[in-house]
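It should be emphasised that the depicted structure is a prediction, and the values quoted were computed from it without experimental measurement.
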Amino acid sequence: MDGRAWMSWSSGKDSAFALHTVRTQHDVDVVGLLVTINADADRVAMHAVRRSLLEAQARRLGLPLHVVEIPSPCPNDVYETRMAAAMTAAQDAGIEHIVFGDLFLEDVRAYRERNLGMAGIRPLFPLWGRPTDRLARDMLGAGIRAVLTCVDPSVLPAEFAGRSFDETLLAELPAGVDPCGERGEFHTFAWDGPGFNAPVDIEIGQTITRDGFVFCDVLPA
């Protein structure tokens with residue numbers, strides 16, 4: 001396998017580790033980061049990471065950002081229209097693959113395969129099917145350093161927002177919570193990892209509850 005690719009970038013640990021994995025285990029040249037931004041808040045969708053921190057990640061990785069701005073809430077037809085435009089731009093740039101950090105949700109994978117197939121672009125899932133308890137520790141072993149930016153308080157105590165993604169956190173996750181948060185239990189911001197030329201300096205800000213989720217505002221230091 002070869003060709004040029006964009007990494008579907010959430011700003012979190014799964015994206016960071018998927019990027020590392022595809023670079024080391026696949027003959028693919030990742031030349032950009034594709035990210036959806038909540039246009040009203042100017043933050044990464046769901047992860048609620050500030051654009052300035054996203055831009056800092058891109059600089060550390062030496063990769064340009066390709067931003068898709070969406071409203072919040074975002075009707076599915078609006079999302080699909082804007083992503084289709086992004087895929088047209090990708091084709092124009094000679095992109096053959098989009099890399100995703102998805103782990104095991106079959107419906108999500110099928111949705112991506114269907115939509116990218118219509119655009120003539122092949123999705124890659126370098127982390128797919130790996131046991132998530134081992135995968136979480138592989139991430140830590142590879143040097144991924146992340147903080148929880150969003151927590152679903154129906155399955156994880158609100159106090160987990162703002163905590164470091166580390167061995168202590170993994171040991172304290174309640175039963176039934178996926179170690180990688182793949183079912184939406186939590187989302188993260190990766191401030192360091194393989195491929196970063198330096199850490200992104202951050203501070204932990206306020207925690208708020210909005211739309212049924214608990215968000216921690218991560219700030220540039």
Side-chain angles (χ1 to χ4, degrees), residues 1-37 44-47 49 51 53-70 76 78-132 134-135 138-139 141-144 146 180 182 187-190 192-198 200:
M1 183 191 307
D2 55 19
R4 289 160 55 86
W6 284 353
M7 178 73 223
S8 178
W9 188 256
S10 69
S11 77
K13 61 179 175 37
D14 298 347
S15 291
F17 197 57
L19 175 62
H20 169 63
T21 302
V22 82
R23 281 174 153 176
T24 55
Q25 299 181 11
H26 299 267
D27 187 18
V28 173
D29 184 17
V30 178
V31 296
L33 305 175
L34 176 68
V35 61
T36 53
I37 291 281
V44 179
M46 270 319 296
H47 291 238
V49 169
R51 188 191 290 251
L53 289 175
L54 173 68
E55 292 170 343
Q57 285 180 319
R59 288 195 298 273
R60 301 300 191 280
L61 290 164
L63 292 171
L65 286 170
H66 302 277
V67 174
V68 179
E69 294 194 351
I70 58 173
N76 196 54
V78 173
Y79 176 83
E80 291 189 348
T81 297
R82 297 194 181 178
M83 288 304 296
M87 291 306 95
T88 298
Q91 285 183 308
D92 291 344
I95 299 304
E96 299 173 47
H97 310 282
I98 304 292
V99 183
F100 294 97
D102 299 305
L103 306 181
F104 60 74
L105 296 177
E106 295 281 0
D107 56 337
V108 174
R109 177 170 178 154
Y111 176 82
R112 300 199 197 285
E113 288 176 335
R114 183 172 63 252
N115 285 350
L116 265 67
M118 291 187 292
I121 292 177
R122 180 179 176 187
L124 300 177
F125 302 92
L127 306 183
W128 188 260
R130 293 172 62 167
T132 52
R134 191 181 316 149
L135 180 60
D138 288 345
M139 291 179 184
I144 299 286
C180 292
E182 178 69 350
H187 300 285
T188 60
F189 171 76
D192 198 10
F196 284 60
N197 61 24
V200 178

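In this structure, the side chain of Glu96 does not engage the main chain of Gly3 through any donor-acceptor pair within 3.5 Å. Not one N or O on the side chain of Arg82 forms a donor-acceptor pair closer than 3.5 Å with the backbone of Thr36. Side-chain N or O atoms of Ser15 include one that pairs as donor or acceptor with a backbone N or O of Ser10 at under 3.5 Å.
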Using side-chain contact (heavy atoms from CB on, under 4.5 Å), reason through His20 and Ile144 one step at a time and then give a plain yes or no. CA-CA 10 Å; His20 169 63; Ile144 299 286; 5.9 Å; no

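Nearest heavy-atom pair, Gln57 versus Ser11, reported as atom, atom and distance to 0.1 Å: NE2-O, 2.9 Å. In terms of heavy atoms, Ala18 sits closest to Phe100 at CB-O, 4.0 Å. In plain terms, the two heavy atoms of Gly143 and Pro194 that are nearest each other are C-CD, 4.2 Å. Between Glu182 and Leu103, the shortest heavy-atom contact is OE2-N, 2.9 Å. The two residues Gly32 and Leu63 come nearest to each other via the heavy atoms N-CD2, 4.0 Å. Across all non-hydrogen atoms, the minimal contact from Leu34 to Met83 is CD2-CE, 3.9 Å.
When side chains are defined from C-beta on, Met139 counts as touching Asp14, because their heavy atoms get closer than 4.5 Å. By the 4.5 Å heavy-atom criterion applied to side chains, Val78 and Ile70 are not counted as neighbours. Using a 4.5 Å cut-off on side-chain heavy atoms (C-beta onward), Ile121 and Trp6 make no contact. Taking 4.5 Å as the limit, some side-chain heavy atom of Leu61 sits within range of a side-chain heavy atom of Phe196. Looking at His26 and Pro126, their side chains come closer than 4.5 Å, going by heavy atoms from C-beta outward. Looking at Arg112 and Ile98, their side chains never come closer than 4.5 Å, going by heavy atoms from C-beta outward. Contact annotation: the side chain of Cys180 approaches that of Leu135 to within less than 4.5 Å [non-hydrogen atoms, C-beta and beyond]. Put simply, the side chain of Asp138 reaches to within 4.5 Å of the side chain of Arg130, judged on heavy atoms.
Note: Ile95 CD1 to Thr88 OG1 = 13.0 Å, rounded to the nearest 0.5 Å. Distance check: Asn197 CG to Asp192 CG gives 9.5 Å after rounding to the nearest 0.5 Å. In this structure, CH2 on Trp9 lies 9.5 Å from CG on Leu65, to the nearest 0.5 angstrom. Atom-to-atom distance recorded for Arg109:CZ and Phe125:CZ is 5.0 Å, nearest 0.5 angstrom.
A donor atom on one side chain and an acceptor atom on the other are found under 3.5 Å apart for Tyr111 and Asn115.
Applying side-chain contact (heavy atoms from CB on, under 4.5 Å) to Val49 and the options Val35, Thr188, Val44 leaves one that passes, Val44.
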